[in-house]
Q: 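After the structure tokens below, expect a handful of questions from me.
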Amino acid sequence: FNPFKPILTAQHNNRDHRKIAVVDGIYGFTGGINLADEYINALDKYGHWKDTAIMLEGEAVWSLTVMFLSMWDYLQNTNTDFNGYKPKYDTLNVVSDGFIQPFADNPLDNEPVGETVYMNIINKARKYVYIYTPYLIADNELVCALTIAAKSGIDVKIITPHIADRRFVHTVTRAYYQILLEAGVEIYEYKPGFMHAKTFAADDEYAVVGSINLDYRSFYLHFESAVWIYHSSCIQDIKKDFLDTLTLCKKITLEECRAEKTHIKLARAALRAFAPLM
């Protein structure tokens with residue numbers, strides 16, 4: 001995907017960040033998990049690697065199939081007949097469980113679908129919003145949505161990594177802590193290692209599992225994939241996983257942030273200016 005060209009072009013910023021596996025058009029997987037040893041903790045790179053993915057069965061898998069084939073045709077300059085890859089879903093013994101909508105995002109249509117979905121969940125929430133993200137490099141709109149939700153009495157909790165995979169990026173993530181904490185958002189760092197999951201859950205009604213980070217690159221520069229979930233029993237599994245993970249986390253306090261040394265605060269503020277590049 002997007003091989004290097006020795007010319008100055010903004011296209012070098014575009015990255016296929018999707019993680020999709022489709023089996024016979026019937027089973028599909030997406031989430032945060034790449035094909036590398038650290039993702040299954042066979043390699044201890046940044047402590048324990050925490051990630052999430054979702055398995056679909058049935059008609060919803062067709063959306064993942066189309067995402068893959070569309071990218072394949074674009075890169076290979078081919079024109080595949082997609083119908084040859086579509087099973088007869090009405091013959092499968094699959095029981096419906098809520099509404100499942102896989103969706104894609106790309107940097108070519110000037111529509112930030114991933115950020116829009118996240119904003120919609122935050123704005124609709126009335127009880128809680130629980131978020132896993134490895135990178136918390138939010139733009140003004142997302143910061144406003146999170147702070148307004150917390151000020152409205154909604155339980156907003158975010159888990160980020162304690163051990164960083166990229167030092168500068170993690171420094172920028174921490175630069176957002178104070179403004180969110182002051183509004184009532186609760187922030188936790190995953191102490192055993194690196195939090196790579198990208199998951200939203202809200203009000204026992206909505207959830208998203210996918211590849212979309214809370215940063216500029218995922219929202220505006222990357223090709224991404226995720227699954228939007230509504231009124232499905234698996235939302236309880238996502239919520240339980242989040243609450244179980246909280247027991248392994250360190251809660252960040254506002255007092256800690258305010259007590260940081262001046263040179264650290266200045267470094268974080270300076271690095272925030274480069275947030276769209278991270």
Side-chain angles (χ1 to χ4, degrees), residues 31-33 38-41 44-54 117-118 121-122 124-138 142-143 145-165 169-215 226-229 232-260:
I33 301 174
E38 60 265 31
Y39 290 83
I40 58 171
N41 287 292
D44 186 354
K45 196 171 184 180
Y46 306 108
H48 184 271
W49 193 285
K50 168 69 177 178
D51 220 322
T52 54
I54 188 167
V117 170
Y118 284 168
I121 289 177
I122 296 168
K124 280 182 175 291
R126 294 295 177 266
K127 297 177 183 177
Y128 75 84
V129 180
Y130 295 159
I131 301 169
Y132 284 146
T133 183
Y135 313 118
L136 182 57
I137 308 177
L142 191 56
V143 170
L146 290 168
T147 55
I148 290 171
K151 288 178 180 179
S152 300
I154 296 165
D155 179 18
V156 182
K157 289 182 170 65
I158 304 174
I159 298 180
T160 64
H162 184 67
I163 299 175
D165 66 335
V169 176
H170 193 56
T171 298
V172 177
T173 288
R174 286 176 166 172
Y176 286 86
Y177 284 2
Q178 185 167 332
I179 187 174
L180 295 172
L181 290 170
E182 287 174 342
V185 176
E186 294 182 22
I187 299 175
Y188 300 80
E189 289 187 352
Y190 180 65
K191 287 180 65 177
F194 187 66
M195 169 62 65
H196 191 255
K198 309 94 164 49
T199 300
F200 269 58
D203 293 354
D204 297 344
E205 291 190 21
Y206 305 95
V208 170
V209 179
S211 66
I212 307 168
N213 295 317
L214 268 66
D215 63 17
V227 177
W228 178 84
I229 306 163
S232 172
S233 60
C234 74
I235 296 174
Q236 290 297 325
D237 297 328
I238 296 168
K239 179 183 179 181
K240 183 180 184 301
D241 180 69
F242 186 95
L243 295 176
D244 289 345
T245 302
L246 277 183
T247 65
L248 304 173
C249 295
K250 173 189 176 183
K251 185 175 183 179
I252 306 300
T253 67
L254 185 56
E255 291 71 26
E256 285 179 79
C257 291
R258 288 174 173 169
E260 288 281 11

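The residues of the chain are indexed from 1 along the displayed sequence. Values below: every heavy atom of this structure, side chains too, minus hydrogens, waters and symmetry copies. In this text, all values refer to a predicted model and were calculated from it rather than measured experimentally.
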Q: Side chain of Y176, backbone of A138: donor and acceptor closer than 3.5 Å?
A: yes

Q: Under the ring-ring contact (aromatic ring centres under 6.0 Å, His included) test, which residues partner Y132, sequence neighbours left out?
A: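 With neighbours one apart ignored, the set is F242.
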
Q: Spell out, as yes or no, whether a donor-acceptor pair under 3.5 Å connects the side chain of T133 to the backbone of L136.
A: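 Here the side-chain-to-backbone pair does not exist.
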
Q: Among pairs that include at least one residue of residues 192-208, which meet salt bridge (charged side-chain N to carboxylate O under 4.0 Å, His left out), considering only residues two or more places apart or in two chains?
A: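 Of all non-adjacent pairs touching residues 192-208, those that pass salt bridge (charged side-chain N to carboxylate O under 4.0 Å, His left out) are D204-K239.
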
Q: Output, in order, the C-alpha distance, side-chain angles, deciding distance and verdict of side chain to side chain contact (heavy atoms under 4.5 Å, CB included) for I238 and I229.
A: CA-CA 11 Å; I238 296 168; I229 306 163; 4.1 Å; yes

Q: Could you give the distance from CG (L180) to CG (L142), rounded to the nearest 0.5 Å?
A: 8.5 Å

Q: Looking at residues at least two apart in the chain, or sitting in another chain, which of them share a side chain to side chain donor-acceptor pair (under 3.5 Å) with S233?
A: D97

Q: Check the pair L146 / I158 against side chain to side chain contact (heavy atoms under 4.5 Å, CB included), numbers first and verdict last.
A: CA-CA 10 Å; L146 290 168; I158 304 174; 4.3 Å; yes

Q: Please collect all salt bridge (charged side-chain N to carboxylate O under 4.0 Å, His left out) contacts where either partner lies in residues 177-196, sequence neighbours excluded, each pair once.
A: K157-E186, R174-E189, E182-R258, E186-K251

Q: Is any side-chain heavy atom of D241 less than 4.5 Å from a side-chain heavy atom of Y130?
A: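 With C-beta onward as the side chain, the pair stays apart.
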
Q: Could you walk me through whether M195 and T245 satisfy the side chain to side chain contact (heavy atoms under 4.5 Å, CB included) test, starting with their C-alpha distance in whole Å, then the side-chain angles of each, then the deciding distance to 0.1 Å, before giving a yes or no?
A: CA-CA 10 Å; M195 169 62 65; T245 302; 4.1 Å; yes

Q: My understanding is that only residues two or more places apart in sequence, or in another chain, count here; which of them pass ring-ring contact (aromatic ring centres under 6.0 Å, His included) with Y206?
A: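 ring-ring contact (aromatic ring centres under 6.0 Å, His included) list for Y206, sorted by chain: Y230.
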
Q: Measuring only between side-chain heavy atoms, which start at C-beta, is W49 closer than 4.5 Å to H196?
A: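 Yes, close enough: below the 4.5 Å cut-off.
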
Q: Let's go through T160 and T173 carefully: what are the C-alpha distance in whole Å and the side-chain angles of both, what is the deciding distance for side chain to side chain donor-acceptor pair (under 3.5 Å) to 0.1 Å, and is it a yes or a no?
A: CA-CA 8 Å; T160 64; T173 288; over 6 Å; no

Q: What pairs with Y135 under ring-ring contact (aromatic ring centres under 6.0 Å, His included), at least two apart in sequence or on another chain?
A: none

Q: Kindly indicate whether the side chain of C257, heavy atoms from C-beta on, has any atom under 4.5 Å from the side chain of L181.
A: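 Yes, at least one pair of side-chain atoms sits under 4.5 Å.
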
